[in-house]
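Working notes, structure below.
Model, not experiment: these values are computed from the prediction. Scope of the values below: all heavy atoms of this structure, side chains included, with no hydrogens, waters or symmetry mates.
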Amino acid sequence: MTAIGRATCLPVPSRSGARISDAIYISGPVGRAMLGFEGHLTHLAAFNRPLPRIAEGIALAPHVRAMMDVSDGLLLDCWRMAQASGVTFALDPDAIP
């Protein structure tokens, strides 16, 4: 699927904008789509009909240097952002909802 839209904030935060000492934040639960994919019925809707967090993106875009969805999984997408930005990330597993 391809989605086409128009940015409401300039410059548009990209995955390559992260800098050393930036904090990492996520909105919403993570892992539910994978649970739905694996057949857990209570999480099937998260896999079949993911809900984009558009309001959060619009609200946060003017205040961040880097931003991306984590639809492929938190670790993989953190790695992608870190690679694009030329930094490394340290995640605290106890802080991930």
Side-chain angles (χ1 to χ4, degrees):
M1 174 191 302
T2 299
I4 298 173
R6 183 170 29 112
T8 59
C9 173
L10 295 174
V12 176
S14 70
R15 67 176 64 185
S16 63
R19 299 293 177 258
I20 293 172
S21 80
D22 282 354
I24 300 167
Y25 295 92
I26 59 172
S27 64
V30 293
R32 290 185 61 230
M34 178 56 83
L35 290 171
F37 174 75
E38 292 174 345
H40 298 266
L41 297 179
T42 56
H43 300 288
L44 196 55
F47 175 73
N48 288 331
R49 293 235 183 238
L51 298 174
R53 305 188 70 82
I54 295 183
E56 291 87 341
I58 290 170
L60 292 170
H63 308 286
V64 301
R65 287 188 280 251
M67 174 185 280
M68 67 182 285
D69 72 280
V70 292
S71 58
D72 290 335
L74 181 61
L75 293 178
L76 178 58
D77 286 327
C78 278
W79 180 84
R80 288 175 175 158
M81 182 181 281
Q83 288 292 304
S85 298
V87 298
T88 58
F89 290 172
L91 300 176
D92 176 1
D94 294 329
I96 299 170

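Atom-to-atom distance recorded for Ile96:CD1 and Leu75:CG is 6.5 Å, nearest 0.5 angstrom. We find the OG-CZ distance between Ser85 and Arg19 to be 6.0 Å, quoted to the nearest 0.5 Å.
Atom CZ of Phe37 is surrounded by 12 or fewer heavy atoms from other residues, nucleotides or ligands within 6.0 Å.
Counting heavy atoms from C-beta outward, Leu35 and Thr42 have side chains that stay 4.5 Å or more apart. Put simply, the side chain of Arg80 reaches to within 4.5 Å of the side chain of Asp72, judged on heavy atoms.
Clustering ILVMFWY residues whenever any of their side-chain heavy atoms sit less than 4.5 angstrom apart, transitively, puts Val87 in the very cluster that holds Leu91. Cluster annotation: Phe89 is not connected to Val64 through the hydrophobic network of ILVMFWY side chains, with a link wherever side-chain heavy atoms come within less than 4.5 Å. Tracing side-chain contacts under 4.5 Å through hydrophobic residues (I, L, V, M, F, W, Y), one never reaches Met34 starting from Leu44; they form parts of separate clusters. When hydrophobic clusters are built by joining Ile, Leu, Val, Met, Phe, Trp and Tyr residues whose side-chain heavy atoms come closer than 4.5 Å, directly or via intermediates, Val12 is not grouped with Leu60.
The heavy-atom pair separating Gly17 from Arg65 by the smallest distance is O-CB, 3.3 Å. Minimum heavy-atom separation, Gly57 to Met67: O-CE, 3.8 Å. The two residues Leu74 and Val70 come nearest to each other via the heavy atoms CD1-CG1, 4.1 Å. Of all non-hydrogen atoms in Asp69 and Asp77, the two that sit nearest each other are O-OD2, 3.5 Å. The nearest pair of heavy atoms linking Pro29 to Arg32 is CG-CD, 3.7 Å. Annotation for Ala61 and Pro13: closest pair O-CG, 3.5 Å, computed over non-hydrogen atoms.
Remark: the backbone N or O of Ala82 is not paired with any side-chain donor or acceptor of Thr88 at under 3.5 angstrom.
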